[in-house]
Amino acid sequence: MVYAIVKAGGRQEKVAVGDVVVVDRIAAEAGATVELPALLLVDGTAVTSDAAALAKVKVTAEVVQAEKGPKIDILRYKNKTGYRRRQGHRSRLTRLKVTGIA
């Protein structure tokens with residue numbers, strides 16, 4: 001079993017060929033190919049963590065679609081003062097399908 005730990009959108013994700021992962025927004029259109037930097041590669045029993053060897057590893061992924069995350073409601077309230085603030089937020093996300101680890 002071959003899998004890699006890649007850096008995507010400020011976080012680390014464990015990916016294998018065929019996996020679909022959701023990461024922070026990437027500036028690419030649907031159908032475009034992006035390359036993710038590998039931090040660790042596991043190929044059967046061999047584990048590669050050397051930076052020089054990982055520089056040669058290419059993890060490619062195809063952009064499936066851009067989407068938004070769940071809505072987060074932010075409420076601030078202070079008792080007896082009439083202070084209330086309401087704010088909402090939805091993260092921008094990109095869904096990727098891993099096509100190759102080489």
Side-chain angles (χ1 to χ4, degrees):
M1 181 170 137
V2 178
Y3 67 89
I5 305 294
V6 297
K7 185 173 182 179
R11 292 188 299 275
Q12 296 177 4
E13 300 278 345
K14 177 183 173 184
V15 297
V17 176
D19 286 354
V20 176
V21 293
V22 178
V23 298
D24 289 344
R25 177 66 55 97
I26 295 175
E29 295 295 323
T33 301
V34 294
E35 189 172 314
L36 303 172
L39 303 175
L40 182 81
L41 177 68
V42 177
D43 186 9
T45 58
V47 178
T48 305
S49 62
D50 181 36
L54 288 173
K56 300 173 187 172
V57 174
K58 292 187 179 186
V59 178
T60 56
E62 178 185 350
V63 176
V64 177
Q65 68 180 4
E67 57 188 50
K68 287 186 177 181
K71 177 137 184 165
I72 297 171
D73 291 324
I74 303 160
L75 301 171
R76 294 190 183 107
Y77 173 77
K78 291 194 178 181
N79 195 15
K80 298 178 186 171
T81 62
Y83 178 81
R84 287 189 206 173
R85 293 291 177 265
R86 182 181 179 137
Q87 183 180 2
H89 177 74
R90 288 186 79 178
S91 298
R92 296 173 167 213
L93 304 172
T94 301
R95 188 174 295 270
L96 300 174
K97 181 175 183 179
V98 179
T99 58
I101 299 174

S.K.: Can any side-chain N or O of Arg90 pair as donor or acceptor with the backbone N or O of Pro70 at less than 3.5 Å?
M.R.: no
S.K.: Return the minimal non-hydrogen interatomic distance between Leu40 and Leu54, and the atom names on each side.
M.R.: N-CD1, 3.9 Å
S.K.: What is the distance from atom CG of Asp73 to atom CD of Gln87, rounded to the nearest 0.5 Å?
M.R.: 10.0 Å
S.K.: How close do Val63 and Ala28 get, counting heavy atoms only, and between which atoms?
M.R.: CG2-CB, 4.0 Å
S.K.: Which pair of non-hydrogen atoms, one from Arg25 and one from Leu93, has the smallest distance, and what is that distance?
M.R.: NE-O, 3.4 Å
S.K.: If you take all heavy atoms of Ala61 and Leu96, which pair is closest and at what distance?
M.R.: CB-CB, 4.2 Å
S.K.: Look at atom CZ of Arg92 and say whether more than 12 heavy atoms of other residues, nucleotides or ligands are closer to it than 6.0 Å.
M.R.: no
S.K.: Which atom names give the shortest non-hydrogen contact between Ile101 and Ala16, and what distance separates them?
M.R.: CD1-CA, 4.1 Å
S.K.: Establish whether Ile26 and Val21 are linked, either directly or via other cluster members, by ILVMFWY side-chain heavy-atom contacts under 4.5 Å.
M.R.: yes
S.K.: Looking just at side-chain N and O atoms, do Thr33 and Thr60 make a donor-acceptor pair shorter than 3.5 Å?
M.R.: no
S.K.: So if you build clusters from Ile, Leu, Val, Met, Phe, Trp, Tyr with side-chain heavy-atom gaps below 4.5 Å, do Ile5 and Val47 land together?
M.R.: yes
S.K.: Please round to the nearest 0.5 Å and tell me the distance separating atom OG1 of Thr94 and atom CD of Glu29.
M.R.: 10.5 Å
S.K.: So, taking the atom named CZ in Arg95 and the one named CD in Glu62, what distance separates them when rounded to the nearest 0.5 Å?
M.R.: 13.5 Å
S.K.: Can you hop from Val23 to Val34 via hydrophobic side chains spaced under 4.5 Å?
M.R.: yes
S.K.: Do Val20 and Val15 share a hydrophobic cluster, counting only Ile, Leu, Val, Met, Phe, Trp and Tyr and linking them when any side-chain heavy atoms are less than 4.5 Å apart?
M.R.: no
S.K.: Which distance, rounded to the nearest 0.5 Å, do you find between the NZ of Lys78 and the CZ of Arg85?
M.R.: 10.5 Å
S.K.: Measure the spacing between CG of Asp50 and CG of Leu41 and express it to the nearest 0.5 Å.
M.R.: 11.5 Å
S.K.: Which heavy atom in Val17 sits nearest to a heavy atom in Gly100, and how many Å separate them?
M.R.: CG2-CA, 4.1 Å
S.K.: Atom CG of Leu36 and atom CD of Glu13: how far apart are they, to the nearest 0.5 Å?
M.R.: 9.5 Å
S.K.: I'd like to know if Asp24 pairs up with Arg11 as an ion pair, taking the criterion as any Lys NZ or Arg NE/NH1/NH2 lying under 4.0 Å from an Asp or Glu carboxylate oxygen.
M.R.: yes
S.K.: Mind checking whether Gln12 and Leu39 have side chains closer than 4.5 Å, heavy atoms only?
M.R.: yes
